[in-house]
Amino acid sequence: MSLLELRDVHTYYGHIHALKGISLRVEEGEIVTLIGSNGAGKSTTLRTISGLVKPRQGEVRFQGKPIHRLPAHQIVALGVGHVPEGRKIFPRLTVEENLEIGAYLENDRKVVQKRKEEVFALFPRLYERRAQKGGTLSGGEQQMLAIGRALMQNPRILLMDEPSMGLAPVLVDFIFEIIQRLNREGRTILLVEQNARLALQIAHRGYVLATGEITLEGPARDLAQNPEVQKAYLGEG
Ligand SMILES: Nc1ncnc2c1ncn2[C@@H]1O[C@H](COP(=O)(O)OP(=O)(O)OP(=O)(O)O)[C@@H](O)[C@H]1O
Ligand SMILES: [Mg+2]
């Protein structure tokens, strides 16, 4: 049984048919990447998994159970963490308050405190800035905060939407190292990226999405060698 599985998922925005029958799976312990051009449906795929939009047809299964009819907060409670595109942190709240909101389903203060310490250990920069308002953080720090906030719920799978977007190369490398570290520590990751080159370097497997459909899938190493992928997404050939 896969940790996460999508079967023939169709998602619409009004009459825009954004996902046209997506099937994919993520096994426990994997980094799986979803690559594709602007508007391909990458964010919609993650939003459909976390229940922010509902599929009109098809199934999303998590740990073998269908979740696509559950409200988003129940999907979070089952262990699906979402780091959204554009970070979406709360600009007027402090770093620490943003993290606490990430653990809003957790009632045990000791657990919340322990998770916060884990996030601060992963991102010492956030500890230094814990009293600072989220909106005054740099782009890289906001990305750290968005990841930290998702980790506060101790998710079994982390859905990451373009974590490298808009970051300087040194910060991109740092965020990718963090993703690999989280994975080594046992976290399963579904990573959406426009930086296909880096994503395919750290992922185990990948899917290529084009206008709402999966066009290619396989081990990340094979995809990186695929001439079509090189031409369309790696700027080669
Ligand atoms: N809220 C919305 N209302 C209407 N159409 C939408 C909405 N969000 C996305 N779409 C459309 O759905 C399609 C898929 O969008 P989506 O954001 O999933 O693409 P993406 O692969 O994440 O793109 P990007 O790389 O630019 O982030 C696009 O055609 C987009 O215009
Ligand atoms: Mg997107």
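Numbering of ligands and ligand atoms starts at 1, following listing order. Each residue takes its place number in the sequence, starting with 1.
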Look at atom 4 (C) of ligand 1 and say which protein heavy atom is nearest, naming residue and atom and giving the distance to 0.1 Å. Y13 CB, 3.4 Å

Considering A40, G36, G39, which one's heavy-atom position lies nearest to atom 23 (O) of ligand 1? G39

Ligand 1 atoms nearer than 4.0 angstrom to some heavy atom of T44 are 14 (C), 15 (O), 16 (P), 18 (O)

Short list, please: which atoms of ligand 1 are under 4.0 Å from a heavy atom of S43? 17 (O), 18 (O), 20 (P), 22 (O), 27 (O)

Heteroatom test (N, O or S) for N38 near the Mg ion (ligand 2), limit 2.8 Å: no

Quick one: pull up CZ in R109 and NZ in K116 and give me the separation to the nearest 0.5 Å. 6.0 Å

Could you label the plane-to-plane angle of the Y127 and F120 rings as parallel, tilted or perpendicular, counting under 30° as parallel and over 60° as perpendicular? perpendicular

Name of the E85 N, O or S atom nearest the Mg ion (ligand 2)? OE1

Could you tell me whether the side chain of T33 reaches within less than 4.5 Å of the side chain of V192, counting heavy atoms only? no

Nearest non-hydrogen atom to atom 20 (P) of ligand 1 belongs to which of R47, K42, M165, E162? K42

Working to the nearest 0.5 Å, report the span between CG of N98 and CD1 of I89. 5.5 Å

Hey, is S37 one of the residues with a heavy atom under 4.0 angstrom from ligand 1? yes

Which ligand 1 atoms, with their elements, are less than 4.0 angstrom from a heavy-atom of G41? 14 (C), 16 (P), 18 (O), 19 (O), 20 (P), 21 (O)

Ligand 1 contact on N38 by region, counting heavy-atom pairs under 4.0 Å: both

Under 4.0 Å to a heavy atom of E85 - the qualifying atoms of ligand 1, by number: 27 (O)

Full working for side chain to side chain contact (heavy atoms under 4.5 Å, CB included) between K114 and V111: CA-CA 5 Å; K114 184 172 148 284; V111 172; 5.7 Å; no

Mark yes or no for whether R187, through its side chain, and P155, through its backbone, hold a donor-acceptor pair below 3.5 Å. yes

At less than 4.0 angstrom from any non-hydrogen atom of I16, what atoms of ligand 1 do you find? 5 (N)

Those atoms of ligand 1 less than 4.0 Å from some heavy atom in A18: 12 (O)

